[in-house]
Amino acid sequence: MENSDSGLDGASPPQVKREHFSSSEEAPTNGSGGMNGMTNGHGGEKERSHKSEHRDKDKHRSDKHKDKHREKDRDRSKHSSSSSSSSKDKHHSSSSSKDKHRDKERSEKDKERSKDKEKHSSSSSDKHRDKDKERSDKSKHHDGKDRDKSKHEHKSSSSSKEHKSSSKDKERSSKEKDREHKERSKDKHSSEKKNKDHEKEPKHTEKVKIKEEVPEPAVFNDPFEDTPKKPVKPVKQEMESEDEDKPLMERASQKKRKAEIAGDESEEDIPLMQRKKPKKEKENKKRIKEESEEEEDFKPAKKAKKKTKVEDKKQESPTKRGKKKEEEEGTVWKWWEEDKPSDGTKWNYLEHKGPVFAPAYEPLPDGVKFYYNGKQVRLSEPAEEVAGFYAKMLEHEFTTKKTFNENFFKDWRKQMTPKEKELITDLSLCDFKPMHAYFQQKSEERKAMSKEEKLKIKQENEQIQAEYGTCVIDGHKEKIGNYKIEPPGLFRGRGEHPKMGKLKARIMPEDVIINCSKDAPKPVPPPGHRWKEVRHDNTVTWLCSWTENVQGQGKYVMLNPSSKLKGEKDMQKYETARKLHRRIDKIREEYRQDWKHKEMRIRQRSVALYFIDRLALRAGNEKDEDQADTVGCCSLRVEHIQLHEEKDGKPFVVVFDFLGKDSIRYYNEVPVEKRVFKNLQLFMENKNEGDDLFDRLNTSILNKHLNDLMDGLTAKVFRTYNASITLQRQLEELTVEGANVPEMMLSYNRANRAVAILCNHQRSVPKTHAKSMENLKAKIDAKKQAVEDAEEALRDAKKEYKRSKSEKDKINLDKKKKAFERQQQQLEKLELQATDREENKEIALGTSKLNYLDPRISVAWCKKNNVPIEKVYNKTQRDKFRWAIDMAGPEFIF
DNA sequence: CGGGGTACTTAGAACTTTCCAT
DNA sequence: ATGGAAAGTTCTAAGTACCCCG
């Protein structure tokens, strides 16, 4: 450890210097070229499949073997064995909860499994075979890895001694196996087919047919997404431990910061006040910006509240909608200049009209048929509706997945009449194509509607939005985020979700709980219906809630991000991150010390924290098994990392490869300090692939510790902090003084991109990317030509003027000069655009911009460099970040 | 503690509107 | 005008965190 440690120690703790920095920095220079080190050798295209495959395979991979044997035995006698093992486990490891979970599931699964097995004849040998197959597929992309894994598997299987964790392993593995098993079978079926054929064949055939029946819509609803969906985009970040350290420059600015804050733009703050009572806002208000005071809006003026109007850049809408809009836009509630209530209450007055329900089902016209086994069948309304959900997705990859189809079919049958149920027993005999064609046709018709019709619809929507999309909270009218209740449909989980395809039921008023203040009028339920409950809980921010049937989780109607309630919380989040900034050195120092702690749990905690800090990993809560198998830091398993004493010339490299939130793959090769490396070796000792890497740690233990370190500190604060500080540093580094706006924006986007890479925010390469790049290139070429022409013209003009010296030629010369410059600028702009786009093709900037970057950093940067804020934030974003735009001056420092 | 539930944030895909070159 | 791509918006799944109970 000394090697790596020594250098970094001390003040420059882990410094984490994410190398991305460096890599990202470089990236810009070389343009699209290796994408900031994001390439990892896995093929680009297949990535998509990789995602899902990855999980199944990888995850289960190792356990499969080992566990398989056991599993079987266990399955049969699972109860006894599992119970005993679990008790053991507890002694040895603290992750018993996890185990328990698994046990439960396992038992259920086992049951199912045993059935499955018989059906699919998944004997262990089969499994092996399957695995191999999978592996070989995979190996195309992942050779090295696979190889390693297989080794592991073998090893582990042979070394099935009893380790502390063995029992645990067993349990888990059996579960996993089960799962794996299932998945595997699914996959296999489908995957073999799917992978190859399905994408083409089925689709194509269908498509063709559809065409016959109905003209193909100009725009498909993207049904095709599936094919190449999103690839996994691995991110590779390299870092050298040595250089780390740059970190902390931030602190320097702390002092300044304070000053700024105080000074900022908040000139007068007369804050104080808390919101008092409710009041309704009056409607009215005239056009934008009047300085007049509007007391009407705010009644609670008890304290000296100050309200200010801010002008919005929006265009006016003299047109029709009227006052409401203007009112909203014209008046801004500067809540950030007020005091916040310190008790847990979220509001004193809340009034709204309840949610908007999905439109009732409209039966299909008679002409749209459904065939079962070649014969036309007239479905009952409920069965038809659900069939329609499936028909709409016919071209989606989902319909090629076994799990999806099974879940769908099972739930569909529940909607059938006994007769239908008796008749329809095999999904593959169902012909949804006419239905699909019908929906497609409808969608085309919608697109082809005349302007007037579209306008009318738009107006109706605005009407609804005005009525149901806003609420009155503490005297202010504010937008609601999701006032429309989710319509029924088929559940679309991300990744290999075990529940994909299940029917998401229609929500009725009887399912909905309303939350509003006692003194507000109660929302009126739709005629003939009543609410499940009306309550008045001002310690929460939701207006309506209901429980969704697929996963049994609660859903809420809440306010828009531009609202005070959301904004305040958002600002607070960044303030906590800034606070962390002030303590980060100490915290880093401390966890580095803890790497040598004698207690294993402390060492695990410190290593996990190091990952979270340095790599911006998510906390990694435990998950149920009826969800896709994804992990975060605390839930990493042995199979998710590989240790290399040396890799590519670097010592002590940890290779992370796992599926994170939304089943997005995280791949990273990270050189770490020797001490970390040794600890990891220890943590992995005597464990199987499916075991928890940090078996004595979970998110609540970690967060508890973090909270002791700093008030309000949790694992996710590190993501926010590291994202924001990275943006600030990158901006500082990449911004060239005096650059023009397009250049500035390239710098900004690059800084933003560094953050997105850090946080692993990926997106699938837009389907249109290659083409659009081509177009752009063509444009650039054309522009180059234009520049040359302009140059030529300029030269001629010069000559002419030189000769004649006439005023007229002088004017002409100037003109040519200008034209030339203009062309040149345009060319430059195009080139920048091309670079930017290429660099960005598989990175999503939006998520970090919206959720991780302190908007004041961006605002300050814009102000300092004279970049219009609209270049960085669109309208919605400006609404959300109004507080930052208003309060941050050019000197703001995070 | 574990286990379950609640509330709220974060996330990429899907869909819609706007923009821009022909 | 048109149609295709980009930009913007909507949707809702999937996380985190925390609380309460036994």
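Each chain gets a letter, A, B and so on, in the order the sequences are listed, and its residues count up from 1.
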Expressed as a whole number of angstroms, how long is the span from [X]:[atom1] to [N]:[atom2]?
X: A:Ile701; N: C:dT16; atom1: CD1; atom2: P; value: 16 Å
X: A:Leu636; N: C:dG15; atom1: CG; atom2: P; value: 13 Å
X: A:Leu853; N: B:dT9; atom1: CG; atom2: C1'; value: 15 Å
X: A:Glu548; N: C:dG15; atom1: CD; atom2: P; value: 14 Å
X: A:Asn698; N: B:dC1; atom1: CG; atom2: C1'; value: 10 Å
X: A:Glu397; N: B:dG12; atom1: CD; atom2: C1'; value: 15 Å
X: A:Lys880; N: C:dG8; atom1: NZ; atom2: P; value: 16 Å
X: A:Phe439; N: B:dC15; atom1: CZ; atom2: P; value: 14 Å

Query raised in the report: Any idea how A:Tyr666 and A:Phe656 line up, ring-wise: parallel (<30°), tilted (30 to 60°), or perpendicular (>60°)?
Result: perpendicular
Report task. For C:dA14, take OP1 and OP2 only and decide whether either is under 4.0 Å from a side-chain N or O of A:Gln551. Result -> yes
Go through [options] for me and flag the one nearest to the [X] side chain.
X: A:Thr847; options: C:dG15, B:dG12, C:dT12; value: B:dG12
X: A:Tyr556; options: B:dG12, C:dG8, B:dA7; value: B:dA7
X: A:Arg494; options: C:dA14, C:dA17, B:dC8; value: C:dA14
X: A:Lys504; options: C:dA13, B:dG12, C:dA14; value: C:dA13
X: A:Lys569; options: B:dT9, C:dA14, C:dT9; value: B:dT9
X: A:Lys346; options: C:dG8, C:dT12, B:dC8; value: B:dC8
X: A:Lys566; options: B:dA11, B:dC8, C:dA14; value: B:dC8
X: A:Trp542; options: B:dA7, C:dT9, C:dA13; value: B:dA7
X: A:Val540; options: C:dA14, B:dC8, C:dT9; value: B:dC8
X: A:Phe491; options: C:dG8, B:dC8, C:dA13; value: C:dA13

Query raised in the report: Do the side chains of A:Phe491 and A:Gln551 get nearer than 4.5 Å, heavy atoms only?
Result: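 Yes; the side chains approach each other to less than 4.5 Å.
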Report task. Tell me which of A:Ala844 and A:Gly552 sits closer to the 5' end of DNA chain B, going by the nucleotide each one is nearest to. Result ->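 In this pair, the answer is A:Gly552.
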**Report entry** Residue mapping more 5' on DNA chain B - nearest nucleotide basis, A:Arg446 or A:Thr541
**Finding:** A:Thr541
Query raised in the report: Do the two ring centres, one from A:Tyr852 and one from A:His761, sit under 6.0 Å apart?
Result: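 Yes - the distance between ring centres of A:Tyr852 and A:His761 falls below the 6.0 Å cut-off.
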Query raised in the report: Can a salt bridge be assigned to the pair A:Lys875 and A:Asp879 using a cut-off of 4.0 Å between side-chain N and carboxylate O?
Result: yes
Query raised in the report: With no angle test and no hydrogens, is the base of B:dT10 tied to the side chain of A:Lys661 by a donor-acceptor pair under 3.5 Å?
Result: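 Between B:dT10 and A:Lys661, which were checked side chain against base, a qualifying N/O pair under 3.5 Å is present.
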Query raised in the report: Under 3.5 Å, is there a donor-acceptor pair between the A:Asn752 and A:Ser848 side chains?
Result: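 The answer is yes; a qualifying pair exists.
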Requested in this report: Please determine, by modelled atom types, if A:Thr541 and A:Tyr556 share a side-chain donor-acceptor pair under 3.5 angstrom.
Outcome: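 No, because no side-chain N or O of A:Thr541 sits under 3.5 Å from a partner of the opposite role on A:Tyr556.
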